[in-house]
Novice: 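Submitted below is the structure of interest, expressed as structure tokens.
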2 protein chains.
Amino acid sequence: MSRWEPNARGRLVEAALTLYSERGFEQTTAADIARQAGLTERTYFRHFKDKREVLFWGAAQLEELFVTAVTGAPDSATPIEAIAVGLDAAAHLFEDRREASRQRQAVIVANAELRERELIKLANLAAAVAGALRDRGVPDTAASLAAEIAIAVFKIGFERWLDDHRQREFRFFTRESLAQLKTVTAGK
Amino acid sequence: MSRWEPNARGRLVEAALTLYSERGFEQTTAADIARQAGLTERTYFRHFKDKREVLFWGAAQLEELFVTAVTGAPDSATPIEAIAVGLDAAAHLFEDRREASRQRQAVIVANAELRERELIKLANLAAAVAGALRDRGVPDTAASLAAEIAIAVFKIGFERWLDDHRQREFRFFTRESLAQLKTVTAGK
């Protein structure tokens, strides 16, 4: 029987971000994280399979939210309108996590292995969004293209949101980037 | 003094693609590749620093061509028009390499480590193209967005070109995807 640890997951994530920021990802062990959180190493491994997963456990939730929103967009929505619904849902997930997201981003950027993992996460997200668009009847190439654009808007919006010091919402930036698409794609 | 080996690089690339396709990437050594090419292992390492580089040595050339073309686009070109010039230049690089590109793609897709390396290559290409657009005076976010779109069009066009059995040129597909952008981004 495992002892009930109130909010163990959240405490482990917070402890990991603190230690990864202070000492670096390489120099931190799962045992260090557990100790920092006042929990055992065993509890750590009940929640996360390795040192990386504490940084990437949210990927599945992000993907599910995004895909569900795209799937649930009105039948009349164009690909980019369905994407906009997905982006709003994804942005909502992060709204109260800016400081933790900033810490996480700094850890990722500082480590080549984590940067690769982040690229894979986004490539998987693009594939899932493309699948959701195809299920809406969007032709194959258009679905892939729209999904890649969705991820680009998400990524660029995310970085701008983290850099922002005026407390604007994440979705302000994804919406602004989406609006910019028109300008960017003009002329051809 | 090193002995002159006619077209050693090309022979090594061809031998690597043959062995990686037949036996798999993991099961092939640099010595195997050199033997298959009728060259020494020492010659292999004069050309490529490891087993992966024989698959990725073209990345620098691709990036240089793409960036040079974007930089050299007419001053009046919009971001997407400059991207179109870059895509044509990149496509030209591949026109006579479809069979080798197909072999290479199958090797990459079959190996997680190589898929990661390919994602990093494309992320670096996106960053370089964004830099070239900023140098043209395109604002930061628009430059990043246009560059991500460029890479998406390149990637999707590349896959469609490899799948095509009607001998259409690579640039047919990048141009078609670029044209589709208008449809895909409609409505918002």
Novice: Given side chains that start at C-beta, do those of A:Ile83 and A:Leu133 come closer than 4.5 Å, heavy atoms only?
Specialist: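 SC-SC contact between A:Ile83 and A:Leu133 confirmed.
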
Novice: Give a yes or no on whether the ring-centroid distance for B:Trp161 and B:Phe173 is below 6.0 angstrom.
Specialist: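 No, ring centres 6.0 Å or more apart.
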
Novice: Answer with side chain, backbone, both or neither: which region of A:Ala123 has an atom nearer than 4.5 Å to a non-hydrogen atom of chain B?
Specialist: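 Answer is side chain: those atoms of A:Ala123 sit under 4.5 Å from chain B.
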
Novice: Looking at A:Ala142, A:Ala146, A:Pro79, A:Ala77, which one has more heavy-atom pairs under 4.5 Å with chain B than the rest?
Specialist: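 Among the listed options, the one with the most contacts to chain B is A:Ala142.
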
Novice: Side chain, backbone, both or neither: which part of B:Ile120 has a heavy atom under 4.5 Å from chain A?
Specialist: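 Both backbone and side chain.
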
Novice: Would you say the side chain of B:Thr71 lies within less than 4.5 Å of the side chain of B:Arg136, judging by non-hydrogen atoms?
Specialist: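 Counting from C-beta outward, B:Arg136 and B:Thr71 never come under 4.5 Å.
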
Novice: Do B:Phe56 and B:Phe48 have side-chain heavy atoms sitting under 4.5 Å apart?
Specialist: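 No. Closest side-chain heavy atoms not under 4.5 Å.
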
Novice: Check this for me: does any side-chain nitrogen of one of A:Arg35 and A:Asp32 sit under 4.0 Å from a carboxylate oxygen of the other?
Specialist: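 Yes.
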
Novice: Please state whether the side chain, the backbone, both or neither of B:Ile149 comes within less than 4.5 Å of a heavy atom of chain A.
Specialist: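 B:Ile149 touches chain A through side-chain heavy atoms alone.
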
Novice: What residues of residues 86-118 of chain A make heavy-atom contacts with chain B at a cutoff under 4.5 angstrom?
Specialist: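 Within residues 86-118 of chain A, the residues that come under 4.5 Å of chain B (heavy atoms only) are A:Glu116.
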
Novice: In chain order, what residues pass the side-chain contact (heavy atoms from CB on, under 4.5 Å) check against B:Lys51, with sequence neighbours excluded?
Specialist: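 For B:Lys51 the side-chain contact (heavy atoms from CB on, under 4.5 Å) partners, ignoring immediate neighbours, are B:Tyr20, B:Phe25.
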
Novice: Does a side chain donor of either B:Ser177 or B:Thr174 reach within less than 3.5 Å of an acceptor in the other side chain?
Specialist: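 Not at all, the side chains of B:Ser177 and B:Thr174 share no donor-acceptor pair under 3.5 Å.
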
Novice: Tell me which of these, A:Leu145, A:Asp140, A:Val138, has more heavy-atom pairs under 4.5 Å with chain B than the rest.
Specialist: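 Heavy-atom pairs under 4.5 Å are most numerous for A:Leu145.
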
Novice: Is it true that the side chains of A:Ser144 and A:Thr141 contain a donor and an acceptor less than 3.5 Å apart?
Specialist: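 No.
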
